[in-house]
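The structure appears right after this line, and notes come after that.
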Amino acid sequence: MIILFGVFIRYDEESDTHWIEHRRKKNISTNLENDFYYRYPSFQDVHVMIFVGFGFLMTFLKRYSFGGVGFNFLIAAFGIQWALLMQGWFHHLDENDWKITIGVENLINADFCVASCLIAYGACLGKVSPVQLMVLTLFGVTLFAVEEYIILELLHAKDAGGSMVIHTFGAYYGLTISWVLYRPLLSQSRHLQGSVYHSDMFAMIGTLFLWMYWPSFNSAIADHGDGQHRAVINTYLALASSVLTTFAISSISQNNGKLDMVHIQNATLAGGVAMGTASEFMITPYGSLIVGFCSGIVSTFGYLFLTPFMEKTLKIQDTCGIHNLHAMPGVIGGIVGAITAASASESVYGKEGLINTFDFKDAVANRTVNIQGGYQAAGLFVAIAFGLVGGALVGGILKLPIWGDPADANCFDDDVYWEVVVGGHMMLF
Amino acid sequence: MIILFGVFIRYDEESDTHWIEHRRKKNISTNLENDFYYRYPSFQDVHVMIFVGFGFLMTFLKRYSFGGVGFNFLIAAFGIQWALLMQGWFHHLDENDWKITIGVENLINADFCVASCLIAYGACLGKVSPVQLMVLTLFGVTLFAVEEYIILELLHAKDAGGSMVIHTFGAYYGLTISWVLYRPLLSQSRHLQGSVYHSDMFAMIGTLFLWMYWPSFNSAIADHGDGQHRAVINTYLALASSVLTTFAISSISQNNGKLDMVHIQNATLAGGVAMGTASEFMITPYGSLIVGFCSGIVSTFGYLFLTPFMEKTLKIQDTCGIHNLHAMPGVIGGIVGAITAASASESVYGKEGLINTFDFKDAVANRTVNIQGGYQAAGLFVAIAFGLVGGALVGGILKLPIWGDPADANCFDDDVYWEVVVGGHMMLF
Amino acid sequence: MIILFGVFIRYDEESDTHWIEHRRKKNISTNLENDFYYRYPSFQDVHVMIFVGFGFLMTFLKRYSFGGVGFNFLIAAFGIQWALLMQGWFHHLDENDWKITIGVENLINADFCVASCLIAYGACLGKVSPVQLMVLTLFGVTLFAVEEYIILELLHAKDAGGSMVIHTFGAYYGLTISWVLYRPLLSQSRHLQGSVYHSDMFAMIGTLFLWMYWPSFNSAIADHGDGQHRAVINTYLALASSVLTTFAISSISQNNGKLDMVHIQNATLAGGVAMGTASEFMITPYGSLIVGFCSGIVSTFGYLFLTPFMEKTLKIQDTCGIHNLHAMPGVIGGIVGAITAASASESVYGKEGLINTFDFKDAVANRTVNIQGGYQAAGLFVAIAFGLVGGALVGGILKLPIWGDPADANCFDDDVYWEVVVGGHMMLF
């Protein structure tokens, strides 16, 4: 890794000491125009989502909290380095000197890239070894970079918050791997496959930091100015709407009207996933509420009916229920994005606004919004296809009996990979 | 909600794709002048305070942590939607087309509005049903919007951090409701009305995020430039001062010199509450320390003597002690604000500075600082009055036997509203 | 404290209501040029590191979590007030009117100053009384201000992230105090000197917030523009690299290949410490990876071999292992800074870039990079010397039998200083 960084990676012009000369040349009046000041607060929020958000969301199991937050830490830290290289090769390679120049936007994109692998980890949580997770991440990041290049650069689809590129791809990648690695005798560790009171509280830390910072996630790489502003408003509203829907469905779905922590921890986030693609668009505030409303319903019903069905019939063991939180809302997000793009108009966006929002310039200067809608839909299919095919391939690799994965009876148990104090066990049962 | 948003709510000019044309027309040189870049980092901090700060602060009960953080999540997510509408109707309604246009400042204000309802929730924690909380929030947000309109627009009082508008109103609203809903047999669930070691640790997460981000709370909607800058410094100092006072009083108040976690979790925050109104003013750094010092003392003594007295004599059962953390420091903040405003002078503020800080223009262009001080005091009385009267009315509604509130013996028990794993219980006693 | 603030401390020109006149005079075009908007997001991140990061990192002990996070809160809140005064006297005193003017950069520096005392607390955790901690902080802040003045102002060394000024000084200060306060019979409380499952989870909250926000720590007071930007990139990479190294070493160092939570909680942060001095320099991305790689190895091996050796042979009881996390990586950081500075060149930095980065102007306008490297190295020795000598003196004061420190058998037990509910104990053993 160090050698590859030495050969390829350099500071970009905004993080290089030549910035002052660059400023003068470009006639930039203030240091504030450095992209750093546009993006850094959002970057830090995204960074918290990746490490605390995803990490603590996966601590809900009573005896796998170390693995949840610890392996999340490991593969995210590995993945961001690899992502800087892979995304650099595909997006930022200077054709003259074969160097990748990086700035704060690349750090955000590396975090995004890793998010898709952490989603995939959610399906496999407790059933794979750290070495398998490293392999999953190595290939996941690589596939992500290719898929992202096709969707964003070749198809010129827009996907600021990554409903398609991150969530849909990551979820189907993880689900397919989990399907390949199906364990028929997993019920041997069923007694560990639940939560205790305080592990659910730790998971709520993850949920809330994801929920609160999701507006930053969807706006982090949106256009400067109104683009970031609008992405925040849309995501904020979609998320608020999801929460209400989730509480309502969770409550009425049980005979005794009690709420289920699994729903609250997960389905409340569905609005953020589903708003990923369209967050920059003029979807209107009530449009955002509708997206949050629908995705909250779909996600909660998924936890109620689909996860048991998938495990029993389709042989897909999905520990965190990523199909409900990322796959379905991600697909909804892709569809919403395609429809919203196709129905954009100059009367709503303004002439310049339309061009800015969809970047209709250079090679795609003459593209119409209808065609853009079609390309958005095509992007969704690319994401699904990469997830399914990539997951099957990587799942096959991970099935090789060389990776030290835990026995069926030892799944969901930190004792396999961590020094756990014996005295500490007693409190957990 | 979706329909109301569809009818009334639109993007404002800074979050609309017409921003680029707006920029050109107004001759704004850079995207950074979009209000988004002035306010977004503060907004995210406030957002964390609402959901993680208030949420986790209420997890201290040994068996009501799910309810503390979960219902906080529910009513905050509901409240911000309703607040965008109510505050919009009172403050931001365009008189030509009856639309409300929203941007990042509206999101902050919606979070502020919800904060007052979450404070009220603190008094009722563990004793009300989620449906009652929704009703409490529905009316609380409505009352807040009216009260805020009277104090800020009609009286033209200043209250950047909401000592009066948020804290005083919210606390008296909640206390009056709790007084109406008095439960004489609450001692039946006394065994659940305490903390365990780890629930106190979860509450510290809430305390610390509130404490750390309070400077953002008090500066989030302050004036651009020196206003936000000064509000941060004042709040930072008042909070630091409160911590020292709280530790000192808590330690010397017990015979054995031991510290009480309840004080540390709550009274350390009193300085932030009390600095709400005057945070923008030239109160001077040592003035801020004095405010933090006094409010820390008052708050800690409140927990020691007033809460038991109120429960026994006044029949007010105040689960989180919001009278000590929000009501009294809020009133102190209102008084400090009135005095500081009345004693402002051109020699300290500068001619333009005085006008900017108090917005002496248009209808109030000729107001003097003495009169401003009077209006500040009037604002405090409006906040108290709205809290008491509103609380009595809403308390009456909530007393109707249709809301599914828990029996006395089942108060402070998550088992009533949540699926709780039985195996997880053992560790809690 | 209030009196001292009253006499000395005033708002600076950017947080004073005269800002508008100042702006006009200096021809500043926008409120955004107020330093507040350059530094406030980083300040808040640093603030979180101090109170949640350090605070929760010290909650890992099974029965000392209240003391870990609570006393951290106390001494940090005390220290920032004292630091504003001490740093003000040494750095910001106006020679005309003997006033200290403060703005957001002073708040960051106060947080930095306190960090060195919190590091020292890490060595003494569980073995000292809160009064001793106040004394430790009182003198620690004072020593820090002097040492910082010598290193940054007199030697004109650069140390944006404080590898030398904060970490090296703080660690040797704490270790020397711990050496003076050596307790031969500490094994009487050995049963309390470990973690339980959930106390390790709380500590991970601290670890992750430190890890995520470290780029803000190292960039918070770096130069506007490319300086802050580059500091973030370098720190991000060094930290990512440390994580991989720590997991690898931790896993292969045990016979059974299991990971140790102590390593994951601490050594993953070593890259941030070691990148403190050189974060602003053109160390290149792969240089950052190498720094993270080396410091991660050194730190993990320190926990494995050096801490037991130091306790047994050198009579230094280092509760949190600050020698491994702060002392050694801090020294590495100082050395890396000296080498990087000495090898800087105009061809890499550009003529203006070199001057800006090292502030070669006024008294040091003619300094060469080689000489700068020498002064950097001198700064490191000053930091170590202040830590050792200061620690010996303060340790001597703290050894006086008047401070109410706990008996050997009561170390690491919250029961000594906190009201702990008896029912809550059961779950901890």
Side-chain angles (χ1 to χ4, degrees), chain A residues 1-6 9-11 14-21 23 29-32 34-37 40-41 43-44 47-48 51-52 55-56 59 65-66 69-70 73-74 77-78 80-81 84 102-104 107 130 198-199 202 205 414 416-421 423-428, chain C residues 29-30 32-33 37-38 41-42 45 62 194-198 200-201 204-205 208-209 211-213 215-216 224-226 228-230 232-233 236-237 239-244 247 251 254 257-261 264 268 282 284-286 289-290 293 348-350 352-354 356-357 427-429:
Chain A
M1 195 77 80
I2 292 171
I3 295 166
L4 289 172
F5 269 64
I9 298 210
R10 297 289 176 272
Y11 302 115
E14 300 196 324
S15 58
D16 190 285
T17 43
H18 292 86
W19 157 250
I20 191 164
E21 296 159 20
R23 252 186 74 183
S29 64
T30 158
N31 276 320
L32 282 162
N34 193 309
D35 197 39
F36 180 76
Y37 298 101
Y40 188 64
F43 159 67
Q44 274 295 7
H47 215 43
V48 172
F51 290 89
V52 160
F56 274 86
T59 62
S65 301
F66 287 5
V69 71
F73 194 17
L74 170 66
F78 164 68
I80 53 180
Q81 296 176 48
L84 283 173
I102 60 172
V104 66
L107 305 189
H198 282 170
S199 70
F202 282 112
I205 296 174
D414 271 336
V416 182
Y417 300 113
W418 298 85
E419 300 278 353
V420 184
V421 186
H425 286 192
M426 289 172 51
M427 60 182 287
L428 290 161
Chain C
S29 64
T30 158
L32 282 162
E33 283 290 339
Y37 298 101
Y38 283 96
S42 308
D45 296 348
K62 69 178 91 166
S195 62
V196 289
Y197 198 69
H198 282 171
D200 267 332
M201 289 302 297
M204 276 305 286
I205 297 174
L208 286 174
F209 275 100
W211 193 91
M212 295 180 304
Y213 285 153
S216 295
H224 290 181
D226 62 293
Q228 288 191 291
H229 203 150
R230 191 166 51 252
V232 163
I233 296 172
Y236 175 94
L237 292 172
L239 285 163
S241 177
S242 284
V243 175
L244 295 192
F247 271 87
S251 166
Q254 320 266 348
K258 288 189 185 182
L259 296 161
D260 188 332
M261 257 292 171
I264 309 305
T268 49
M282 295 284 283
T284 72
Y286 73 92
L289 288 183
I290 294 171
F293 178 77
V348 172
Y349 285 73
E352 280 176 296
L354 194 67
N356 283 342
T357 305
M427 63 183 284
L428 290 160
F429 297 102

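Below, read A as the first sequence line, B as the second, and so on, with proteins coming before strands; counting in each chain starts at 1.
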Is the backbone of C/G225 close enough, under 3.5 Å, to the side chain of A/Y37 for a donor and an acceptor to pair up by distance?
-> yes
How are the rings of C/W211 and A/F73 set relative to one another: parallel (under 30°), tilted (30 to 60°) or perpendicular (over 60°)?
-> perpendicular
Pick whichever of C/S42, C/G194, C/P41, C/P215 has the most heavy-atom pairs under 4.5 Å with chain A.
-> C/P215
Any chance you could lay out the side chain to side chain contact (heavy atoms under 4.5 Å, CB included) test for C/L237 and A/I9, step after step, and finish with the verdict?
-> CA-CA 12 Å; C/L237 292 172; A/I9 298 210; 5.8 Å; no
Which distance, rounded to the nearest 0.5 Å, do you find between the CG of A/D414 and the CE of C/M261?
-> 7.0 Å
Would you check if A/L84 and C/Y236 make a side-chain contact, meaning some heavy-atom pair closer than 4.5 Å?
-> yes
Bottom line for C/I205: the part with an atom under 4.5 Å from chain A's heavy atoms is both
Could you tell me whether the side chain of C/R230 reaches within less than 4.5 Å of the side chain of A/T17, counting heavy atoms only?
-> yes
Approximate separation, where rounding is to 0.5 Å, of A/F43 CZ and C/M212 CE | 10.5 Å
Closest-packed option against chain C by number of heavy-atom pairs under 4.5 Å, given A/Y11, A/F78, A/Y40, A/F51 | A/Y11
Between A/V52, A/L32, A/N34, which shows the greatest number of heavy-atom pairs under 4.5 Å with chain C?
-> A/L32
Side chain, backbone, both or neither: which part of C/F293 has a non-hydrogen atom closer than 4.5 Å to chain A?
-> side chain
Is any side-chain heavy atom of A/T30 closer than 4.5 Å to a side-chain heavy atom of C/T30?
-> no
Residue part contacting chain C, namely of A/I3, when any heavy atom lies under 4.5 Å | neither
Most contacts with chain C, counted as non-hydrogen pairs under 4.5 angstrom, among A/V416, A/V69, A/I80 | A/I80
What pair of heavy atoms forms the shortest contact from A/D16 to C/M282, and how long is it?
-> OD2-CE, 3.1 Å
So how far is it from A/S199 OG to C/M201 CE, rounded to the nearest 0.5 Å?
-> 9.0 Å
What distance separates C/T357 OG1 from A/I20 CD1, expressed to the nearest 0.5 Å?
-> 9.5 Å
Which value, rounded to the nearest 0.5 Å, describes the distance between C/Y197 atom OH and A/W418 atom CH2?
-> 9.5 Å
OH of A/Y417: more than 12 outside heavy atoms within 6.0 angstrom?
-> yes
Report the option among C/L208, C/D200, C/D226 that has the most heavy-atom pairs separated by less than 4.5 Å from atoms of chain A.
-> C/D226
Could you tell me which of A/S15, A/G6, A/A77 has the largest number of non-hydrogen atom pairs under 4.5 Å with chain C?
-> A/S15
Cut-off 4.5 Å, heavy atoms of chain C, and the answer for A/Q81 is side chain
To the nearest 0.5 Å, how far apart are CD1 in C/I264 and CZ in A/F66?
-> 10.5 Å
Among the options C/Y349, C/F209, C/Y38, pick out the one with the most heavy-atom pairs lying under 4.5 Å from chain A.
-> C/Y38
Is there side-chain contact between A/F5 and C/T284, with at least one heavy-atom pair below 4.5 Å?
-> no
Side-chain contact test, heavy atoms from C-beta onward, threshold under 4.5 Å: evaluate it for A/Q44 versus C/S216 and give yes or no.
-> yes
Any idea how C/H229 and A/F36 line up, ring-wise: parallel (<30°), tilted (30 to 60°), or perpendicular (>60°)?
-> tilted
